[in-house]
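Below: one structure, written as C-alpha cells.
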Amino acid sequence: MRPAAEAMAADPQLLAAAVEAAIASRSPRLGRAAHARALRLLSPDLPPFICAHLVNLYSKLDLPDAAASALASDPSPTVVSFTAFISGAAQHARPLPALSAFASMLRLGLRPNDFTFPSAFKAAASAPPRSDIGPQIHALALRFGYLPVDPFVSCAALDMYFKTGCLGLARRLFEEMPNRNVVAWNAVMTNAVLDGRPFETIQAYFGLREAGGMPNVVSVCAFFNACAGAMLLLLGDLFHGFVVKCGFHMDVSVSNAMIDFYGKCRCAEKARMVFDAMRVRNSVSWCSMVVAYAHNGAEEDAFTVYLCARSAGEEPTDFMVSSVLTTCAGLLGLDLGRALHAVAVRSCIDSNIFVASALVDMYGKCGGVEDAEHVFFDMPQRNLVTWNAMIGGYAHIGDAMNALAVFSDMITSGKTAPNYITLVNVITACSRGGFTKEGYELFETMRERFGIEPRTEHYACVVDLLGRAGMEERAYEIIQRMPMGPSISLWGALLGACKMHGKTELGRIAAEKLFELDPQDSGNHVLLSNMLASAGRWAEATYVRKEMKDFGIKKDPGCSWITWKNAVHVFHAKDTKHEMNNEIRALLAKLKKQMQASGYMPDTQYSLYDLEEEEKESEVFQHSEKLALAFGLIHMPPGVPIRITKNLRICVDCHRAFKFISGIVSREIIVRDNNRFHHFKQYDCSCKDYW
DNA sequence: CTAGGGTTAG
C-alpha cells in the first residue's frame, strides 16, 4: 500500500468519510473497500463508532448479511449501531430482523432512544392486524417519555396503528399529540387513501390548513390520490392550480400523482399535458402515463408511450411490464403480449407476482389458455388476482371443468379466500360450459359458503346461465326479485337467451327495458328485430328497424381484423378493396362447395330484407369474418391457428361455416367477438353453439 | 454514527 493510502486507512476520521462516500454513492464496491480498510485497522484502540459506521453502511446499501455480521463483530455495541441496523432492516422491508434486533438490544440492557423508536414502529407497522408487538413498543416508548411528545416517535407510532388496522388507537394518539406537525397529518391522509376513505383524506387536509399548517409534497400527493379515488375531477383540477402556484409541481412524485389522478378521472389528455410539462421524469412517470392511457381505452397510445420510454433508455420494470400487459389484453394483442413476456424473462421479472398474474390474465384474454396455464402452474406463489385470472381464462373459452378444478384447488389451498370476481368467473365458466346445475348451486350458496354477497354481476351470470339452459322464465323471476335494480347487461343476457330459444314475448320485455336504459345502443334493437324476424313476425321486425331509423340509431358496421406480419388487416362486409380480393373470393367459393358436400346449409334466417334466397346466401358469404378467415387461410402456414377479432357478435351463419371449415382444412380458428371467444376445432366450437 | 409521512401495476 502506498504511504498516502496507508495514512488514510489508519485515520478513523478519514475512514468514516470513506464510509459516508460509499453510502452516498450507493456503491457496494466502495463500501466493501472501506470495510477492508476497517478490518486492517481492527485493534483495541479502534474508535468504537467505526463498527456503527459499518453497520450503517451495510444497512443503507441493503446488504443484510454484512450488516448483521458487522453488528455481531462490534465488541461494544451501542444504541447507535443497533439503531442503524434496525432502521436499515425496516427501510428495506425486513421487519422481522429489525424487531429481533430491537429485542436483542433490550436484552443487552441498551435503552432505545428517540432515533430507535421510529424505526421499530416502522417495522411493527407490517405486523399482522391487531398484533400486540406495536402496543408493546408503544408501552416502552411511553415509559421512556417519548410518547406522545416526541413528534418523530409519535408519527411513527401513529402510522403503525393505521397500518395494523387499529384506527381507534391511532385517532386517540393523534388527539393526544401536543405537537401535531405536517407529518402527523400526512400519516392520517395517506392511510385514509390506502384504506379507501378518500373523503377522510380531504377532510384531514383541511384540518391541517385550519390548524395553520402548510402542506408539503407528501400532503399534495395524498390529496391527488384521494381525488383520484373519489373521482373528484373538479376538486383535483382546482387543487392543481394551487399546486402550481406553490411550485409543488416541480416535484416528480407530485407530477406523477397528477398524471395518475387525471388518468383515473378519465382525462387522459390532461394527464398527458402534465407529463409533457415535466422537466424531469422517472420510471414512475412513464408507467403512470401508460396506465392513464390504458384505463381510458387508448391502448395504442399506452403502447406508444411504452415504446418511447424504452427508446428514452428506461428499463422495463415489473410495474411497467405488468401495466403494458394489460394494454395487450385490451388490444387482444397476443403477439405483443408474447413479446412482452420475452422482455419480462430478459429482465428477470417474469416471476414477479404482478407480472406473472398479468401474463396469466393477458394469455387468458387473448385466447392463449395453454400459455396462461404454463405461467400459472410454474408460479412459486399465487394470490387472489392470479387465481382469478386463471379461472377467468377458462371462463373465456367456456372450460367449466378446469375452472371448477382450479377453483377447488384455490379453496383447498386455504391461503387465498375467493372474492366476488372469483365467483363471477366460476359461474361464467359454468354457464358457458353448460354446467347449469353447478353454476346455479354456487350462486345460491355463495353467501353462506364464502360470505360473498351476490352483486349485479352475479345476477347477470346466473341469468345467462339459466337462459342458456332454456330457463328464461326462471331467469326473469330472479331478475324481478333481486334487491338492486337490474343492469343493462342483465336484460341483455335475458334478451340474448330469448332470441336463442325463440321466447319472443319475454324477449320483447327485455328489449323494452334495454331501450329505456340504453336508448342509443344499436345492438339491442338489431337483436330484437332479428328475434322477431326469426319468429316470422316480419311486420314487428320491420317496425323496430323503422324505429331505429326514426330515432337515428345506426347499426355499427361489422368489421373483423386479423394480424399478419406486424400489420392489422381489417375487413368489412362485402369488402372488395383488399389487394387479395380475387384470391379471397376464389377460396371462399371453393370452401362453400366443400362445406355443402359435408352437409352445410347456409343460415340466412336473420337476413331481413326481401331478398331471394340466393341473394341472401351471397350476402352472408361476404361477412367480414369470412373474408378475414380466407385471408388467414391464404397466408398462414398450415398448423398455425388463425385468430380473428370482430367488433360485433359473430353471425349465426359464419359460426356454422367456421365449424365446417375448421374440420375440412384441419385448422384451429379462434374468433374473439365483442362478447367472448369461439374456439373452432374439428367441426366444433368451444361455445357449444350458444353465445 | 442512528429517525417519521410519498408517486406507478395484475
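Order of the sequence lines fixes the chain letters, A, B, ..., with proteins taken first and strands second; residue numbering starts at 1 for each chain. All of these numbers come straight from a predicted model, not from anything done at the bench.
For Gln91(A) and dG4(B), the shortest distance from a side-chain N or O to OP1 or OP2 is below 4.0 Å. The phosphate of dT7(B) has OP1 or OP2 within less than 4.0 Å of a side-chain N or O from Asn225(A). Taking side-chain N and O atoms only, Asn56(A) has a distance below 4.0 Å to OP1 or OP2 of dT2(B). Within the 4.0 Å cut-off from OP1 or OP2 of dT2(B), not a single side-chain nitrogen or oxygen of Thr116(A) is found. For dC1(B), the OP1/OP2 oxygens have no side-chain nitrogen or oxygen of Lys60(A) closer than 4.0 Å.
Within the 4.0 angstrom heavy-atom criterion, base atoms lie near Ile353(A). Among the heavy atoms of the strands lying under 4.0 Å from Val291(A) are primed sugar atoms or P, OP1, OP2 only; no base atom is included. The residue Ser255(A) sits apart from the nucleic acid: no heavy atom pair falls under 4.0 Å. Looking at heavy-atom distances under 4.0 Å, Asn113(A) makes contact with a base. Residue-level contact check: Asp251(A) touches the bases, meaning some heavy atom is under 4.0 Å from a base atom. Contacts of Lys264(A) with the nucleic acid, taken as non-hydrogen atoms under 4.0 Å apart, involve only primed sugar atoms and P, OP1 or OP2.
Closest to the side chain of Phe354(A), out of dA9(B), dT2(B), dG6(B), is dA9(B). Among the nucleotides dT2(B), dG4(B), dG10(B), the one closest to the side chain of Val80(A) is dT2(B). Distances from the side chain of Cys155(A) to the nucleotides dA3(B), dT8(B), dG4(B) place dG4(B) closest. Side-chain atoms of Cys221(A) lie closest to dG6(B) of the nucleotides dG4(B), dG6(B), dT8(B). If you check dG4(B), dT8(B), dG6(B) against the side chain of Val284(A), the one that comes closest is dT8(B). Of all nucleotides listed (dC1(B), dT2(B), dA9(B)), dT2(B) comes nearest to the side chain of Phe115(A).
Remark: C1' of dT8(B) and OH of Tyr293(A) are 16 Å apart, rounded to the nearest angstrom. Protein atom CZ of Phe261(A) is 14 Å distant from nucleotide atom P of dT8(B), rounded to whole Å. Rounded to whole Å, the distance from CE on Met258(A) to P on dT7(B) is 15 Å. Remark: C1' of dT2(B) and CG of Leu110(A) are 13 Å apart, rounded to the nearest angstrom. A straight line from OH of Tyr161(A) to C1' of dG4(B) spans 16 Å, rounded to a whole angstrom. Rounded to a whole Å, the CD1 atom of Ile349(A) is 11 Å from the C1' atom of dA9(B). The distance from atom CG of Asn282(A) to atom P of dT7(B) is 12 Å, rounded to the nearest whole Å. For the pair Leu194(A) CG and dG6(B) P, the interatomic distance rounds to 7 Å; values are reported in whole Å.
Between the side chain of Asn186(A) and the base of dG4(B), no donor-acceptor pair under 3.5 Å is found. Residue Ser323(A) places no side-chain atom within donor-acceptor reach of the base of dA9(B), judged by atom type and a 3.5 Å distance cut-off alone. Side-chain atoms of Ser322(A) and base atoms of dG10(B) include no donor and acceptor less than 3.5 Å apart.
Ring pair Trp387(A)/Phe376(A): centre-to-centre distance below 6.0 Å. Between His240(A) and Phe261(A), a ring centre-to-centre spacing not shorter than 6.0 Å is recorded. Aromatic ring centroids of Tyr306(A) and Trp286(A) lie 6.0 Å or more apart.
Residues forming a side chain to side chain contact (heavy atoms under 4.5 Å, CB included) with Ala67(A) (at least two apart in sequence, or on another chain): Tyr58(A), Ser59(A), Phe85(A). Considering only residues two or more places apart in sequence or on other chains, Leu142(A) meets the side chain to side chain contact (heavy atoms under 4.5 Å, CB included) condition with His138(A), Leu147(A).
With hydrogens and angles disregarded, a donor-acceptor distance shorter than 3.5 Å links the side chain of Arg281(A) to the backbone of Phe275(A).
Residue pairs satisfying the salt bridge (charged side-chain N to carboxylate O under 4.0 Å, His left out) criterion with at least one member in residues 294-319 of chain A, sequence neighbours excluded, are absent. For residues 78-99 of chain A, the salt bridge (charged side-chain N to carboxylate O under 4.0 Å, His left out) pairs, not counting sequence neighbours, are Asp62(A)-Arg94(A).
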Residues 248-259 of chain A side chain polar contacts: donor-acceptor under 3.5 Å, at least two apart:
residue, atom, partner, partner atom, Å
Asp251(A), OD1, Ser253(A), N, 2.9
Asp251(A), OD1, Val254(A), N, 3.1
Ser255(A), OG, His249(A), O, 3.0
Asn256(A), OD1, Ser285(A), OG, 2.7
Asn256(A), ND2, Val252(A), O, 3.4
Asn256(A), ND2, Asn282(A), OD1, 3.2

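Residues from residues 296-319 of chain A lying near DNA chain B, meaning a heavy-atom separation below 4.0 Å, are Asp318(A), Phe319(A) in numerical order.
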